[in-house]
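Just so it is clear: chains get the letters A, B, ... in the order the sequence lines come, proteins before strands, and each one is counted from 1.
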Amino acid sequence: MPSSLIHILIAFLVLLGLIFLSAAGLLNSVLDFGRVSVHVSSYPLIKALATVKNSLLLVFRLSHLAQENQILTRQVEQLSAQLAVLEKASSENKILREALKFQSESKFNLVPAEIITYDPVRVDRKIILNRGKRHGVAGGEAVIVSGGILVGAVSEVYEHTSALKLITSSEFAVNAQTAEGQARGVVKGEHGLGLLFDLVSQNEVMKTGDRVITSGLGGTFPKNLLIGVVGDVRSGSGELFQKASIIPAANLRNLRIVFVIQK
Amino acid sequence: MTKKYFYYFVLLFVLFLLQTSSLKVFMEVSYLVPFLVLLFVVNLAISGSLKETLWFGFIAGFLFELFSTSFFGGYTMAMLLSGLLVYFVTRQITSQEESLPEVLFLISLSTLFFSAILYLYSATASGLGLTVYQSLENFLSGKIVFSTLINFLFFYPTRFFVKYAKSISSEE
């Protein structure tokens, strides 16, 4: 028999022997030892190959960078829009909390109302509130914001809504005085642009920075509602009364929640 | 002679470590990892003696049994038979330096034959109730084309190292 054939036969016989040993479970310890040894030996190679793989992945990822950039830019835009909405919600939350606190502390019977819309046509700008007769609102009632600041009066009332006439409206006038009580007069609106403290006697003293509040005279508006502070005082020796511009205490361009004082 | 076998064994072990490490790292594309150990045996079958092909094929197959999940003996059987097949085919084809088409043919033959033997062995063992049956797709699928091409690419580098091991042992 040729030696090559003998070698082949021996090899297959050895293999057969090993198969039987494995089936009997006698090779397990050898295989285990071999696995552990190979695992330990291949550790440095695995680390090196992992570095190569990461480098290759980086190269492939570069080709996708432009696309990823587009996707991320869109996500940023979406998130910015969401952030704007959330910031607005946060601001509204703060306003509502302040309004709620004011309502609970106030001695007046208040009807809280939200601004629905502004009248874009009239210069004097009436504002529509989301409260009406159904909610206990009546014409002529004073309207304030948190902090007890007068912003206007209810001019028209409907079933579910009402119109607010701002203090800067030409149709608006309220008896007022300085907080210290040294000057009394009438605060009038000036075409939606500002306030004028008029009909103040020449012998009464008022100066820039004095707080102006409602005096309660006439019974139309409660007293001690803040209107604003004195700006420029105009007093001429030839005139019967002195006047002053009033800087409104409330930001009339940014009203959100107001309170109607029920009579 | 002993030194040559020693260098062959070291080279085989290094190729084995390289292949198993690559399989671990590039698991997702395992079909693109070259079958370095098979290429070593194929190189021996082409340029070496039958004894070298037989026993180094045996050792190579046994090393793979360490990580085999199927019944013991499949890898050893497949490696032995693939080595013998290539040995006998090359004796018939040519005794000179192999051409590229011949090499491609031998690589394809050995890769396909190896997987086929593995499947048949596994099927036989499951038939005897020794293991669970594994479907043919686990051994032979379309990805074998990629495996064959990768093996072909790595054939000549492996051949270089086999010849180098042979040359340094003969110099000493």
Side-chain angles (χ1 to χ4, degrees), chain A residues 1-68 71-72, chain B residues 10 13-29 32-33 36-37 48-81 83-85 87-88 91 117 121 124-125 128-131:
Chain A
M1 194 184 256
S3 67
S4 54
L5 206 57
I6 294 170
H7 280 279
I8 292 171
L9 208 60
I10 292 170
F12 279 99
L13 281 171
V14 170
L15 176 60
L16 203 62
L18 286 173
I19 290 170
F20 277 111
L21 286 174
S22 168
L26 297 172
L27 275 187
N28 290 342
S29 54
V30 174
L31 294 174
D32 265 343
F33 175 76
R35 285 184 196 117
V36 170
S37 309
V38 169
H39 177 69
V40 169
S41 312
S42 61
Y43 185 75
L45 268 172
I46 290 173
K47 294 290 267 185
L49 286 167
T51 310
V52 168
K53 181 184 176 183
N54 291 336
S55 308
L56 286 172
L57 282 175
L58 186 64
V59 169
F60 284 122
R61 274 189 195 135
L62 282 173
S63 64
H64 294 294
L65 272 180
Q67 193 184 3
E68 275 183 42
I71 293 168
L72 287 170
Chain B
V10 169
F13 193 70
V14 168
L15 290 174
F16 171 72
L17 283 183
L18 198 56
Q19 184 175 342
T20 49
S21 307
S22 303
L23 280 169
K24 272 185 193 165
V25 173
F26 298 100
M27 217 181 327
E28 306 89 356
V29 286
L32 292 178
V33 174
L36 297 171
V37 172
S49 66
L50 179 69
K51 274 195 297 183
E52 287 167 358
T53 307
L54 200 60
W55 292 111
F56 279 101
F58 188 95
I59 295 168
F62 187 80
L63 284 174
F64 265 100
E65 297 297 347
L66 295 175
F67 297 99
S68 168
T69 54
S70 43
F71 189 69
F72 182 90
Y75 277 94
T76 314
M77 180 78 77
M79 203 64 81
L80 270 175
L81 290 175
L84 288 175
L85 175 69
Y87 178 84
F88 286 116
R91 294 302 168 267
I117 295 295
Y121 186 90
T124 307
L128 294 170
L130 298 168
T131 187

Over all heavy atoms of both residues, which pair between [X] and [Y] is shortest? Give the atoms and the distance, please.
X        : Y        : answer
Glu65(B) : Gly74(B) : OE2-N, 3.3 Å
Leu36(B) : Gln19(B) : N-OE1, 3.0 Å
Glu52(B) : Gly48(B) : OE1-CA, 3.4 Å

Phe64(B) vs Phe16(B) aromatic rings, parallel, tilted or perpendicular, using cut-offs 30° and 60°?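 Rings of Phe64(B) and Phe16(B): perpendicular, as their planes differ by over 60°.
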Partners meeting side-chain contact (heavy atoms from CB on, under 4.5 Å) with Tyr87(B) (sequence neighbours left out):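 Here the qualifying residues are Ala45(B), Leu50(B), Thr53(B), Arg91(B).
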Let's test your reading of the structure: which of Leu31(A), Ile19(A), Ile10(A), Leu16(A) forms the most heavy-atom pairs below 4.5 Å with chain B?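 Sorted descending by pairs with chain B, the first entry is Ile19(A).
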Contact leader toward chain B among Leu15(A), Val30(A), Leu45(A), Leu18(A), where contacts are heavy-atom pairs under 4.5 Å: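 If we count pairs closer than 4.5 Å to chain B, Leu15(A) comes out on top.
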Most contacts with chain A, counted as non-hydrogen pairs under 4.5 angstrom, among Val25(B), Thr76(B), Leu80(B):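 The option with the most such pairs is Val25(B).
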Answer yes or no: is there a donor N or O on one side and an acceptor on the other, between the side chain of Lys24(B) and the main chain of Ile46(A), under 3.5 Å?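 Side chain of Lys24(B) to backbone of Ile46(A), a donor-acceptor pair under 3.5 Å: no, none is there.
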Relative to chain B, which segment of Leu21(A) carries a heavy atom at a distance below 4.5 Å: side chain, backbone, both, or neither?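 For Leu21(A), there is no contact with chain B at all, as no heavy atom is under 4.5 Å.
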Side chain, backbone, both or neither of [X] within contact of chain A (heavy atoms, under 4.5 Å):
X        : result
Leu17(B) : both
Leu84(B) : side chain
Phe72(B) : both

